[in-house]
Number of protein chains: 4
Amino acid sequence: MTGTGTGTRAARGRPRSAAADRAIVEAVLRLLERGVGIDALSMEGIAREAGVGKATVYRRWPGKDALLLDVMRTLEEPPAEVRGTSVRDDLVEVLERLRQRGLAKRNSALLRTVTSHFRSHPRLWREYHDTVIRARRELLHSVLRRGMASGEIRADLDVELLGDLFVGPMLARAMLHDEGELPGGLAERIVDGVLEGARPRK
Amino acid sequence: MTGTGTGTRAARGRPRSAAADRAIVEAVLRLLERGVGIDALSMEGIAREAGVGKATVYRRWPGKDALLLDVMRTLEEPPAEVRGTSVRDDLVEVLERLRQRGLAKRNSALLRTVTSHFRSHPRLWREYHDTVIRARRELLHSVLRRGMASGEIRADLDVELLGDLFVGPMLARAMLHDEGELPGGLAERIVDGVLEGARPRK
Amino acid sequence: MTGTGTGTRAARGRPRSAAADRAIVEAVLRLLERGVGIDALSMEGIAREAGVGKATVYRRWPGKDALLLDVMRTLEEPPAEVRGTSVRDDLVEVLERLRQRGLAKRNSALLRTVTSHFRSHPRLWREYHDTVIRARRELLHSVLRRGMASGEIRADLDVELLGDLFVGPMLARAMLHDEGELPGGLAERIVDGVLEGARPRK
Amino acid sequence: MTGTGTGTRAARGRPRSAAADRAIVEAVLRLLERGVGIDALSMEGIAREAGVGKATVYRRWPGKDALLLDVMRTLEEPPAEVRGTSVRDDLVEVLERLRQRGLAKRNSALLRTVTSHFRSHPRLWREYHDTVIRARRELLHSVLRRGMASGEIRADLDVELLGDLFVGPMLARAMLHDEGELPGGLAERIVDGVLEGARPRK
DNA sequence: CGTTAAGCGAGACGGTACGTCCTGTCTTCAT
DNA sequence: ATGAAGACAGGACGTACCGTCTCGCTTAACG
């Protein structure tokens, strides 16, 4: 995952410095938080900020994008299992985590900025999608399938479609609108809205 | 809209060449379609491709981002009014347009790429949001309000939230997943899904 | 001769700055005089000292050696004709100039340093030899030929060999020994020594 | 002389490998013969070529120049005594050795290249001068002094000057001109030329 | 005969320079 | 004043060496 690698290397020569590893990742986060902007973020500047030679960075990552990818992955914790009292509560939990993620101190603008950067670079995106997004998707789908089995969720709709019905609105808030658009209670409102439907019942 | 400006300038000396305007915008599109990538796209390269001096580009736009913004706006047509036989059909129409936009020849990857680039640059994003996205949003909201008045749409939900319930799923498809994820009939499926709700009726 | 070139260029675009030309050459001399040493002399450092972008240097010279070559040529004046009262005096004059050159303020160590650097780079040497050294050699040979015609110089020896008999000793002083080995009157002593021969006459 | 040192070291721990010594010196010669050029000759490259760690080189020599100095000294044999039938023959012998040295297989360009490199580095030069050149100079002077005593050489000239009269022309050939300028018989022609003088006798 | 200190190849470390490319400004001549 | 051309100072790119350092061995002399 991180640049130094944890495999069973032959371990000849001086081993890579874990301190340098940390210094570099921290430098990137510090610069991003300082509002440096994704493309004013230079390898040169990162090395300088980390107090590290350029070669030390390039020895670990082939370029800025690979480094950013790794930095982002350190910010994403793997999604823990959810198993509440009802499928409705589980759905709220899943969406609430998404909301928290979009608000967290370090993340807010930073996460949005970098994620968007990935989205505009197909190779980067695939990498990010396959490691981070897919896992969250699977979790949601498992919750939905449970609901379909228990009768809490309509069984006549595609799971994929259902998943997007729940995730999409939260994404729209985070992507299309601006900061401060993710108020508390949003997760409940979305889940209940989608569950009940937009057409009046009876 | 374009760099040349349409105000009441004094117009002394040689007037700006409209041909240069077009050459530059076309050069940008040509390069993007050629898959050049948003940051390999240099002002230097654009001028070269357009057969134009660098100063000629800078005279019209202050930088790459402003130029890109203008280029994108030429690709977006303003949303025409919708007024079908039912609110449900209008909603389908609105979402179908979004889908088409994500598929159109020139646009597909290009539009997604550039849009994502904007999203990771707050100032750019505000600009783009205020001119392009807000208009589409207003259109959707007007349809929803009509539905709430006629009783086709629940009146006890926030219009903003309702809007995101419909737009979000299409966005999720376009943003989170990959090409070829926007099949025909998707608009209907989303609209009907959201209208009916994910919980079984009765 | 200098980097900017004086040919009949098409003269399109902004012309090269003569000030930059001068700034660069002066910077090199300043650094060398400061005792920077031929290989601590970096293009980066030259540009910095000259207050000039690196590209501005590379636009004029392809590398450090070509630049040094040009700098040295600005220090060498073309050898003026000599025509004294006797061939003996002309020979003294030619050697005296060599001695002066090895002493001149800016030159002393500098000239020796750079010349030796050239000598250890075959391509550089050929260039330097063909432009600077050959001219001096021709001058000496013409003096000698005049002497052979007038009977002041033996006609049974090769002109090339004769030339080296006179130049060699001065070179040996300058090359093999150290500073302060080029005292006044040295030219006369060498010329007279070679003219009379090392074997006692009679 | 060589890097390993012969002093009375405490000699604790593993002694330095003589094989490494040789490997390094040979690597330098191999690279130079391969035409690598004095400044493309990197410590990194030398260690690589010698199949040796960089530290092993630095343990023996403080830098490239000290290493080169040692390498050159291994190529120079100390000048043997000369004692021919006449001083004239001894002078020819001394100069002939110089000529041979400038021609020898390994040496030719290599020796010229490295020597010139030394000349452009004052500290290096003093070192080289004091160990290699001074010895040759002393030999020549002793021959000349013998000649002055026997009447074969004028006694009214400075020995230093006389020495340069003989050595200089050979040096001029080797330094100023190019390869192939040191033909057989050159030593005799120089010695006889200087002995007889450039002015016609009688 | 086991300890032990220095040597060894390998290669990471913080730096500096390389030569190229792009940025945004400027200066030239021609329209 | 605008146009194409291109020079300008500045700065990042990714690579290569510098001279130092840390690894896990190996190797011989000493105790």
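The figures here come from the full heavy-atom set of this structure, side chains too, leaving out hydrogens, waters and symmetry mates. To find a chain, count down the sequence lines: A is the first, B the second, and so on, and within it residues start at 1.
Note that CZ of Arg119(D) is 15.5 Å distant from NE2 of His117(C), once rounded to the nearest 0.5 Å. Here CG of Leu124(D) is found 12.5 Å from CZ of Arg126(D). Values are rounded to the nearest 0.5 Å. The distance from atom OH of Tyr128(B) to atom OG1 of Thr115(B), rounded to the nearest 0.5 Å, is 4.0 Å.
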Identify the pairs formed between an N or O of the protein and an N or O of nucleotides 13-16 of chain F at a distance under 3.5 Å, and give each distance.
{"from": "dC13(F)", "atom 1": "OP1", "to": "Met43(A)", "atom 2": "N", "distance (Å)": "2.7"}
{"from": "dC13(F)", "atom 1": "OP2", "to": "Met43(A)", "atom 2": "N", "distance (Å)": "3.3"}
{"from": "dC13(F)", "atom 1": "OP2", "to": "Glu44(A)", "atom 2": "N", "distance (Å)": "2.6"}
{"from": "dG14(F)", "atom 1": "OP2", "to": "Tyr58(A)", "atom 2": "OH", "distance (Å)": "2.2"}
{"from": "dG14(F)", "atom 1": "O5'", "to": "Tyr58(A)", "atom 2": "OH", "distance (Å)": "3.3"}
{"from": "dG14(F)", "atom 1": "N7", "to": "Lys54(A)", "atom 2": "NZ", "distance (Å)": "2.9"}
{"from": "dG14(F)", "atom 1": "O6", "to": "Lys54(A)", "atom 2": "NZ", "distance (Å)": "2.7"}

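Summarising the geometry, the separation between CZ on Arg22(C) and P on dA7(F) is reported as 18 Å, rounded to the nearest angstrom. Rounding to whole angstrom units, CZ of residue Arg12(C) and C1' of dT31(E) are separated by 13 Å. Regarding Leu31(D), its CG atom lies at a distance of 11 Å from the P atom of dC17(F), rounded to whole Å. Protein atom CH2 of Trp61(D) is 15 Å distant from nucleotide atom P of dC18(F), rounded to whole Å. If you take CG of Asp39(C) and P of dC18(E), they are 12 Å apart, rounded to a whole angstrom. Between Ile46(D) atom CD1 and dC17(F) atom C1' the separation is 12 Å, expressed in whole Å.
Of all nucleotides listed (dC8(E), dC13(E), dA4(F)), dC8(E) comes nearest to the side chain of Arg60(D). Closest to the Arg14(D) side chain, of the nucleotides dC23(F), dA6(E), dT28(E), is dA6(E). Among dT2(F), dG9(E), dC8(F), the nucleotide with an atom closest to any side-chain atom of Arg16(C) is dC8(F).
Here Arg59(D) reaches the OP1 or OP2 of dC8(E): one of its side-chain N or O atoms lies under 4.0 Å away. In this structure, Thr56(C) does not reach the dA7(F) phosphate: none of its side-chain N or O atoms is under 4.0 Å from OP1 or OP2. Of the side-chain N and O atoms in Ser17(D), none sit less than 4.0 angstrom from OP1 or OP2 of dG7(E).
With sequence neighbours left out, Arg123(D) forms a side chain to side chain contact (heavy atoms under 4.5 Å, CB included) with no residue at all.
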Identify all side-chain donor-acceptor contacts of residues 36-44 of chain A below 3.5 Å with residues at least two apart in sequence or on another chain.
{"from": "Asp39(A)", "atom 1": "OD2", "to": "His121(B)", "atom 2": "NE2", "distance (Å)": "3.0"}
{"from": "Ser42(A)", "atom 1": "OG", "to": "Gly45(A)", "atom 2": "N", "distance (Å)": "2.9"}
{"from": "Glu44(A)", "atom 1": "OE1", "to": "Lys54(A)", "atom 2": "NZ", "distance (Å)": "3.3"}

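Side-chain atoms of Leu68(D) and Phe118(D), non-hydrogen and from C-beta on, do get closer than 4.5 Å to each other. Side-chain contact between Asp70(C) and Val25(C) is absent, with no heavy atoms from C-beta onward closer than 4.5 Å.
Residue whose closest nucleotide on DNA chain E sits further toward the 5' end, between Gly51(D) and Ala50(A): Gly51(D).
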